[in-house]
Amino acid sequence: MTVPQLNPRTDSALVRAARGESVPVTPVWFMRQAGRSLPEYRALREGIPMLEACSRPDLIQEITLQPVRRHGVDAAILFSDIVVPLRACGVDLDIVPGVGPVVADPIRSADHVDRLRPLQPEEVGFVAEAVHGLVGTLGRTPLVGFAGAPFTLASYLIEGGPSKNHELTKAMMYGAPDLWHRLLDRLADIALTFLRVQAEAGASALQLFDSWAGVLSRADYAASVAPHSQKVLAGLADLGVPRIHFGVGTGELLDLMGDVGADVVGVDWRIPLDEAVRRVGPHRALQGNLDPAVLFAGWPVVEREVRRILAEGAAARGHIFNLGHGVLPSTDPGVLTRVVDLVHEVTAA
Ligand code: CP3
């Protein structure tokens, strides 16, 4: 007999897998499931700039729900962006289509760092309103809230935009450690406030994206980044919602990323999940890790890879199926729906 899943914060497959509890099926959702792969998203966004869409509760809710309706995924992820809380506390930035976040006046001096002020929860009231509404509409489906981790946020703020080599970021990290730690401490507070707003409004799980942490050595990650990510995750402990921590190319950092206080470690496609279990240890769940490019290779390859990942993920304390990074904009959404169905079919008890 199955137990009705009524409260997503305790009974959903996502939360249960995150806690290492038994699940009726392996839960599946996709990073960037809301976005340009969906024609209904492109239609709704027509003529509306990204950051405007991220500040309107009606649009946030509708865009967040689109992939849930279409794919039957086991979680919604809030439609927002890692730079939304930065803009809300006064940083002059925009998201440029095809480029990413661009900062008008990049942070490169003590004066700049001192001008970065704390985020007040009211400044992201539009997010709290959207989350409240979503939790009501989603019913038993959990909503994942998220924020960018201090290092990834710092990278955009210091470089002024996306960067391949992160040279200005590393120059501050190595050359001005006091300033670096002051900046990351402020960003930790901003990320923490943004995540608490989402959890207090009803999000069932929280994901901290340290997308670019994979450019760091273990020693530099441990000394210059980990204490700040730890501050964020420790500051969420009292809320009792699972904390997922994800980065790209972080195979060599997986244990350290778990140790900063994650319940679930997100893994990209470079490391098989059974190897990730060895690196992270048996006490945390894993999320991942289908290469988003595999979705372009034809169904027989997709099916083989999904089955392989499910088999490897069985070694984990809990497994949340996801991609190894976000859905690419030209992905055929029909393939994503088939992946959801396959994960459920293969793992149904
Ligand atoms: O479904 C979801 O995953 C929710 C939405 C989401 C977005 N951004 C929406 C978005 C999430 C979780 C993010 C987080 C985010 N934003 C990260 C961390 C995750 C990651 O991808 O590693 C980062 C690094 C950013 C910064 C950012 N914002 C980039 C690099 C871009 C792409 C720019 C482009 O046009 O290619 C954005 C814009 C963005 N964020 C889009 C979406 C749907 C595309 C904007 C559009 O549709 O016009």
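Read the numbers this way: they start at 1 and go in the same order the structure lists the ligands and their atoms. A quick note: this is a predicted structure, and the numbers were derived from the prediction, not measured.
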Legend entry - Working for salt bridge (charged side-chain N to carboxylate O under 4.0 Å, His left out), residues D111 and R115: CA-CA 6 Å; D111 183 46; R115 269 187 275 145; 3.1 Å; yes

Legend entry - Parallel, tilted or perpendicular: ring planes of H325 versus F246, cut at 30 and 60 degrees: tilted

Inset, instruction - Output yes when R196 and D238 qualify as a salt bridge under the 4.0 Å nitrogen-oxygen rule, no when they do not. - result: yes

Inset, instruction - Indicate whether the side chain of S22 and that of R16 have a donor and an acceptor atom separated by less than 3.5 Å. - result: yes

Inset, instruction - Would you please write out the protein residues whose heavy atoms approach any atom of ligand 1 to under 4.0 angstrom, listed by chain and number? - result: M31, R32, Q33, A34, R36, Y41, R45, M50, I77, L78, F79, S80, D81, I82, I95, P97, G98, V99, G100, P101, F146, Y156, F209, S211, W212, H325

Inset, instruction - In plain terms, say whether R70 and E40 are close enough for a salt bridge, that is, a side-chain N and a carboxylate O under 4.0 Å apart. - result: yes

Inset, instruction - Please collect all salt bridge (charged side-chain N to carboxylate O under 4.0 Å, His left out) contacts where either partner lies in residues 119-129, sequence neighbours excluded, each pair once. - result: R117-E123

